[in-house]
A.B. asks: 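Could you have a look at this structure, given as structure tokens, before my questions?
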Amino acid sequence: MPLNLKGTFTYKIPEELLQEIQIGMRVLVPFGGKKIYTGIVFEIHNRQPETFTAKEIISILDEKPILPEAQLHFWNWLSTYYLQNIGEFYRFAFPSSLKLESETYLKLKPNTEINFENLDVNEMYLIQALEVRQMINVTEIEAFIPKKLIVKTINALIDLQYIEVDEKIAEKYKAKEISYLKVNQDVLRDNFLPEVLKSLDKAPKQKDLFLLILSKQQENENQPVKKSFVFEEGNFSHSQLKSLLEKNLIEEYLLQKDRLESFEGEIETLEKLTDLQFAANEEINLSFKQNINVLLHGVTASGKTHLYLEHIQECINNEKNVLFLLPEISLTKQIIQRLEKKYGKSLCFYHTKLTDFERVEVWRKVRNNEIKILIGTRNALFLPFLNLGLIIVDEEHDFSYRPREVSPYFNAKDAALVLANFYKSHVILGSATPSVESFYLAEKGKLKYVFLGKRFGGVALPTVELINFEEAQKLQQSKGQFSFKLIEKLKENLEQKKQSIILHNRRGYAHVVECESCGYVNYCSNCDVVMTYHKYSREMKCHYCGQKATKPAICPKCHSEKINERGVGIEQIEEELQKLFPESEIDRMDVDSMRKKFAYEKLYEKIESGEAEIILGTQMISKGLDFDSIELVAIPKADSLLYTQDFRAEEKAYQLITQVSGRAGRTSGEGKILIQTYNPQHQVFTLIRENDTAGIYKHFLEERKKFLYPPFVKLILIELKHRREDKADRASQFLGSVLHKYLPPECILGPEKSPIGKVRNLYQFQVLLKLPKGKNYQIYKDLILKSLAEFDEITGYHSIKKSITVDF
DNA sequence: AGCACGCCGACT
DNA sequence: GTCGGCGTGCTC
């Protein structure tokens, strides 16, 4: 069932469907009196239910299972591992038109004699309605049949073979058509041509157009002339073409085209691997032979893509298919272009920006084994692969693989490893900054660690310099947020016509707006967070619920006019930069400035053409911006990256700094990174400067071990939310006490108020569970399930929203 | 999710 | 007296 409900539902298989039905097929089932849902056959058994009578399956929607068995295993694993209902994964996995709900259409069976005498009133109504209009959906039936009787009526008529269920997709789906042009056959026949051309003498433009189409058509008989071609190639107008069409000299016709764009061009052959890449490649091959998956740790611009391509090719040579996962499809044009060039039509994309029809089409193609390579975001994991040989997870550390705010929660990197296991295929996790968890797995031998420590073509890695900002301020060598040194380097870079990147990971202008005399700060009325001041849009914004407010001119509490702005946001950095470099083109890239349509594309072009001189951005700039003339990366307030309330703060800071640094000097090898900090002796910064990758992971792992965090323990977070604070509080206390009954106290942190006590008017309390790894984990998890079941027994707590996050 | 059932307030 | 508010429970 595509619903967030516990477990599965049992239905009776009607006699006539017994032969047909298979696990993994979609079936139409009645649910809750008058609803019809598309369920998926999860299990076929003959255990008689004791507590209820099973309803009958109405019909089967597929001729062959829409889901391979491996996918069902995968769903089941996700559901038990992440403690989310399997229906949630069903909902997440399927394009909505494949899980039609009451939108299901009915139609009369063709060539059927209907004997009206045996029908009851409702059945009669429905038949009559169908005689008037060929198709009708379940929602529309509500207009003339009592809700409770709808399912019964439909069932009876299906049994009588008078009506049948129509697959909505088959009807609504239409392949996209493209217009083509051709010269009228009659014109070419009988030597009409000179006469025609003469007739066009008074319309030279039309004549040119006619000749263009003719010549293009004769150039290659097998390649039809696209309508769009005449507007792209020649400078012709629609009216000129229209005249030719009216004179019947040119004909327009339509051809079906696959909705999905696929590249038609030359196929590129792979360049030879460098020695280093070759060695890495051998390691991967060897590892795959032993059935060990690979963590490919390749510094920025080391040619990971090249290795991917190598293995994609090998996989295809072995008649198997490839799934290539990316964190976000839009930000990685380079890889896509390379793959498109090489694989053309056997390549497909799947991501959240596709329309539903496009998704269904990819589903069909994958299901029919027409696709060799599927490039997609994490929702591509759910496609019905038949013959998967390799999964590549690019930028495996990326947090887009595991968004906390999307339900159901799961980590696509880990899920990919599990899915590959069900398909008996291999995995390459690739990153310039692997997650600490993956690195640890590699250390433990669960993954093969393959390291590419040098950039492609011997290009040097950027040099890292730490600027002691405290000292600079003491010596009065600074202005605002910038030390003279940083300003100087920026200036140099600008003079050399090179581009610079500045990273500042805080949106808005000022983090807090505070009254100097009474200390009042502007809190969001829905959430327990301060509102951030956005000078550009002149408003206060809550980054949690999106609420907006005007900035107070005087303190609403004490009416003082001394309103202070504290906590430097990116807009303020932009303002300062603008003052320091009034002549330069400075562009800001953050969620707020990229909200407009094509904002990203425009900026991309601006950087590519060299128009943009300084690009200032939040963590967004760490992805996809691979341009040759970026030489300098500066992080003026690097400390702010470290001090966030998150045990992964240092890891994230390292990843962000390294990823952004990777944008510098990709071909010149003269990239410079400037990290401005009050703590130049901080281990994370010094290890980054020394480029001591092994050291930094050692540091992270030591810290995690010391404070008991992943990968040394498993984390499960239980959050309870309610509109009333006391109720959420009491519920969390109770849950805590139940958990204490079953689990050792050192495993349980809390219950306590969540770090953000209120979001969107819901008060949040939480219990954090730190569980041992290994065999005991499952035992402990079962005990947690037992505790949660006990919690659920209290009816008073049923109104509490409960969310469980495993491995966040 | 959606919908029925049921228990309390402001209406003709 | 009743209509309807939404809090609560159930769906094979």
Side-chain angles (χ1 to χ4, degrees), chain A residues 1-15 17-18 21 23-61 72 75-76 79 84-104 137-143 145-155 158 168 356 406-409 720-728 730-731 734 760-763 788-804:
Chain A
M1 261 348 115
L3 297 170
N4 186 8
L5 297 174
K6 212 173 161 194
T8 52
F9 290 82
T10 309
Y11 286 86
K12 195 167 171 242
I13 307 168
E15 199 84 28
L17 299 181
L18 259 174
I21 201 158
I23 287 173
M25 284 178 163
R26 290 175 306 151
V27 289
L28 228 45
V29 290
F31 191 70
K34 62 181 180 195
K35 277 239 130 191
I36 294 180
Y37 278 99
T38 314
I40 290 178
V41 181
F42 189 73
E43 196 191 346
I44 298 172
H45 63 80
N46 48 19
R47 301 188 300 270
Q48 184 70 38
E50 285 167 11
T51 50
F52 57 89
T53 44
K55 289 183 182 170
E56 282 201 354
I57 291 172
I58 298 170
S59 66
I60 297 176
L61 289 176
L72 282 172
W75 288 21
N76 200 32
S79 168
Q84 314 265 327
N85 291 321
I86 199 162
E88 282 264 82
F89 287 102
Y90 176 19
R91 224 153 45 132
F92 184 85
F94 266 55
S96 48
S97 51
L98 287 180
K99 47 172 199 241
L100 32 146
E101 293 169 18
S102 289
E103 290 294 284
T104 311
N137 78 24
V138 178
T139 332
E140 289 162 342
I141 298 173
E142 287 182 8
I145 296 179
K147 288 185 176 182
K148 278 193 169 172
L149 296 170
I150 290 176
V151 171
K152 183 180 160 279
T153 309
I154 294 171
N155 272 333
I158 287 176
K168 176 184 158 197
D356 207 59
V406 182
S407 171
Y409 174 81
L720 301 178
K721 299 170 194 176
H722 198 270
R723 312 175 56 129
R724 280 177 42 208
E725 186 169 16
D726 56 323
K727 197 156 186 181
R730 252 184 298 124
F734 176 72
R760 293 172 198 270
N761 280 322
L762 291 178
Y763 289 91
L788 288 168
E790 260 178 57
F791 178 81
D792 284 342
E793 277 171 27
I794 314 293
T795 47
Y797 294 148
H798 281 189
S799 60
I800 290 192
K801 284 197 176 68
K802 183 169 66 197
S803 76
I804 303 166

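Numbers restart at 1 for each chain; the letters A, B, ... are given by sequence-line order, proteins then strands. Because only heavy atoms are used, hydrogens play no part in the values below, and waters and symmetry mates are left out as well, while side chains stay in. Keep in mind that what you see is a predicted model, and the values were worked out from it rather than measured.
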A.B. asks: Without decimals, in angstroms, what is the distance between A/Y37 OH and B/dC3 C1'?
C.D. replies: 10 Å
A.B. asks: Could you pull out the closest heavy-atom pair between A/G32 and A/K55, with the gap in Å?
C.D. replies: N-NZ, 3.9 Å
A.B. asks: Starting at atom CD1 of A/I58, determine the distance to atom P of C/dC12, rounded to an integer number of angstrom.
C.D. replies: 11 Å
A.B. asks: With rounding to the nearest 0.5 Å, note down the distance linking OH in A/Y763 to NZ in A/K721.
C.D. replies: 15.0 Å
A.B. asks: Give the ring-plane orientation class for A/Y797 versus A/F734, where under 30° counts as parallel, over 60° as perpendicular and anything between as tilted.
C.D. replies: tilted
A.B. asks: In whole angstroms, how far is the C1' atom of B/dG2 from the CG atom of A/N4?
C.D. replies: 13 Å
A.B. asks: Specify the separation, in whole Å, of atom CD1 of A/I13 and atom C1' of C/dC12.
C.D. replies: 13 Å
A.B. asks: Round to a whole Å and report the spacing from CG of A/L3 to P of B/dG2.
C.D. replies: 8 Å
A.B. asks: A/T10 versus A/R47: any side-chain heavy-atom pair under 4.5 Å?
C.D. replies: no
A.B. asks: Please tell me whether A/S407 and A/E88 have a donor and an acceptor in their side chains that are separated by less than 3.5 angstrom.
C.D. replies: yes
A.B. asks: Walk along nucleotides 5-10 of chain C from 5' to 3' and tag each nucleotide B, S or - by protein heavy-atom contact under 4.0 Å, base first, then sugar-phosphate.
C.D. replies: ---SS-
A.B. asks: Which is true for A/F31 with a 4.0 Å heavy-atom rule: it touches a base, it touches only sugar-phosphate, or it touches nothing?
C.D. replies: base
A.B. asks: Please report the distance, rounded to the nearest Å, between CG in A/N85 and C1' in C/dT11.
C.D. replies: 13 Å
A.B. asks: Atom NZ of A/K55 and atom P of C/dT11: how far apart are they, to the nearest Å?
C.D. replies: 9 Å
A.B. asks: Consider side chain to side chain donor-acceptor pair (under 3.5 Å). Of A/K6, A/K802, A/H798, which one does A/D792 pass it with?
C.D. replies: A/K802
A.B. asks: Whole angstroms only, please: what is the CZ-P distance between A/F9 and C/dC12?
C.D. replies: 7 Å
